[in-house]
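Okay, handing you the structure first.
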Amino acid sequence: MDQKEIIERLKAGNKRFVKDMREGKRSGKSRRAEIVDGQNPFAIVLGCADSRIVPELAFDAGLGDLFVVRVAGNIANSSSIASIEFAVANLGVEAIIVLGHQNCGAVTAAVAGGDYGKHLNHLVAHIKPAIESCEKSAPVNEVAQKNAKLTVEALLKKSKIIRDALKNKKLTILPAYYHLNSGEVEWLMP
C-alpha cells in the first residue's frame, strides 16, 4: 500500500467501527500463525494509554496491522519516539497517526495544573505547549486536539529518522482526534 491507501484503509476501518460493522478479520488462529516469525504493520499509531481508546478496534485492524505506541497524553517523549523510530527504520512503516481524544485525563491534569509528583509532572510538561498555544480558557478537548498537532511537530523536531523519512517521501504523519461518544476519528490539519 502507498501512503494514501494506508490513510484510506484507516478511514474505512473507522467508518465500519462507527457503524458497528467491524469485519474483525485477521485476528484468529490462522492470523496468529502468519505473524509468528515477524511483523509488517502498515501504520503507527501514537495514542493515549486511556483504556477507552483501542486503535486496533477503532480502525478495524487485525493482529500485526498497527504498530501502536501508547502513553498518557499521546506525547512525544524519548521512549515513544524510540518506539516509533524502530518501526520507521526497521519495519518500513510509512504512516504515523498521532491520536488524541475527547476527555483526555492527561490533558485535563495538565490544564488543571498542580504538583503531581516527579513522573506525572514530567508527562504533563509535554502537554503545556498545547495549553500555551490555546486561548486561556480553552476547553480541554480543544487543548487535546492542539496537543495532537503539536506532537506531530515534536516528533519531527526531535527525530532525525522521522524527519528524514518524511523528507524522502517515505513517511506521512497526521494528527487525529478520537470522539469517545461516537467512536469517530476526526482527521486534523497539522
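Values reported hereafter were calculated over all heavy atoms of this structure, with side chains retained and with hydrogens, waters and symmetry mates removed.
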Taking all non-hydrogen atoms of both residues into account, name the closest pair between Cys48 and Gly73 and its distance.
-> SG-N, 3.4 Å
Sole residue of Val93, Ile96, Asp164 in side-chain contact (heavy atoms from CB on, under 4.5 Å) with Leu171 = Ile96
Does the pair Lys4/Asp2 count as a salt bridge with the N-to-O cut at 4.0 Å?
-> no
For Ile81, which of Leu155, Ile75, Ile161 qualifies under side-chain contact (heavy atoms from CB on, under 4.5 Å)?
-> Leu155
For Ala109 against Val124, the heavy-atom pair lying closest together | CB-CG1, 4.3 Å
Would you mind telling me which of Val71, Ile44, Val88, Val69 makes a side-chain contact (heavy atoms from CB on, under 4.5 Å) with Ser83?
-> Val69
Is there a path of hydrophobic side-chain contacts, each under 4.5 Å between heavy atoms of I, L, V, M, F, W or Y residues, that connects Leu91 with Leu63?
-> no
Okay, side chain of Asn168, backbone of Lys170: is any donor-acceptor separation there less than 3.5 Å?
-> no
Counting distance only, does the side-chain N/O of Asn14 pair as donor-acceptor with the main-chain N or O of Gly183 below 3.5 Å?
-> yes
Check: Leu156 main-chain N/O paired with Ser159 side-chain donor or acceptor under 3.5 Å | no
Distance in Å, Lys158 NZ paired with Arg163 CZ, rounded so as to fall on 0.5 Å steps = 12.0 Å
Separation between OG (Ser51) and CZ (Arg70), nearest 0.5 Å, reads 7.5 Å
Do Val143 and Leu150 share a hydrophobic cluster (ILVMFWY, side-chain heavy atoms under 4.5 Å, transitive)?
-> no
Indicate yes or no for a side-chain donor-acceptor contact from Arg22 to the backbone of Arg16 under 3.5 Å, with no hydrogens or angles considered.
-> no
After noting the C-alpha distance and the side-chain angles of Arg31 and Asp65, does the key distance pass the salt bridge (charged side-chain N to carboxylate O under 4.0 Å, His left out) rule?
-> CA-CA 11 Å; Arg31 180 61 179 157; Asp65 287 342; 3.5 Å; yes
What distance separates Phe59 CZ from Leu66 CG, expressed to the nearest 0.5 Å?
-> 7.5 Å
Before giving the answer on side-chain contact (heavy atoms from CB on, under 4.5 Å), spell out for Leu123 and Tyr116 the whole-Å C-alpha distance, their side-chain angles and the decisive distance to 0.1 Å.
-> CA-CA 10 Å; Leu123 185 135; Tyr116 298 105; over 6 Å; no
Linking I/L/V/M/F/W/Y whenever any side-chain heavy atoms sit under 4.5 Å apart, do Val68 and Ile35 land together?
-> no
Measure the spacing between NE2 of His122 and NZ of Lys118 and express it to the nearest 0.5 Å.
-> 9.5 Å
CD1 (Ile127) and NZ (Lys146) are apart, to the nearest 0.5 Å, by 15.0 Å
Mind checking whether Leu166 and Leu46 sit in one hydrophobic cluster, side chains of I, L, V, M, F, W, Y counted as touching below 4.5 Å?
-> yes
Taking side chain as C-beta onward, heavy atoms only, is Phe17 less than 4.5 Å from Val185?
-> no
Audit row: Asn121, Asp115, side-chain hydrogen bond (donor to acceptor under 3.5 Å, both in side chains) steps and yes/no = CA-CA 7 Å; Asn121 285 344; Asp115 186 357; 2.7 Å; yes
Kindly indicate whether the side chain of His101, heavy atoms from C-beta on, has any atom under 4.5 Å from the side chain of Arg52.
-> yes
Do the side chains of Val18 and Ile7 join up, straight or via other hydrophobic residues, at under 4.5 Å, putting them in one cluster?
-> no
Looking only at heavy atoms, which two atoms of Leu188 and Ala148 are closest? And how far apart?
-> CD1-CB, 4.2 Å
Side-chain contact test, heavy atoms from C-beta onward, threshold under 4.5 Å: evaluate it for Phe42 versus Glu94 and give yes or no.
-> no
Could you tabulate the donor-acceptor pairs under 3.5 Å formed by side-chain atoms of residues 173-181, not counting sequence neighbours?
| unit_1 | atom_1 | unit_2 | atom_2 | d |
| --- | --- | --- | --- | --- |
| Tyr177 | OH | Gln102 | N | 3.4 |
| Tyr177 | OH | Asn141 | OD1 | 3.2 |
| His179 | NE2 | Glu186 | OE1 | 2.8 |

Pairwise distance SG(Cys104) to CG(Asp50) - rounded to 0.5 angstrom | 6.5 Å
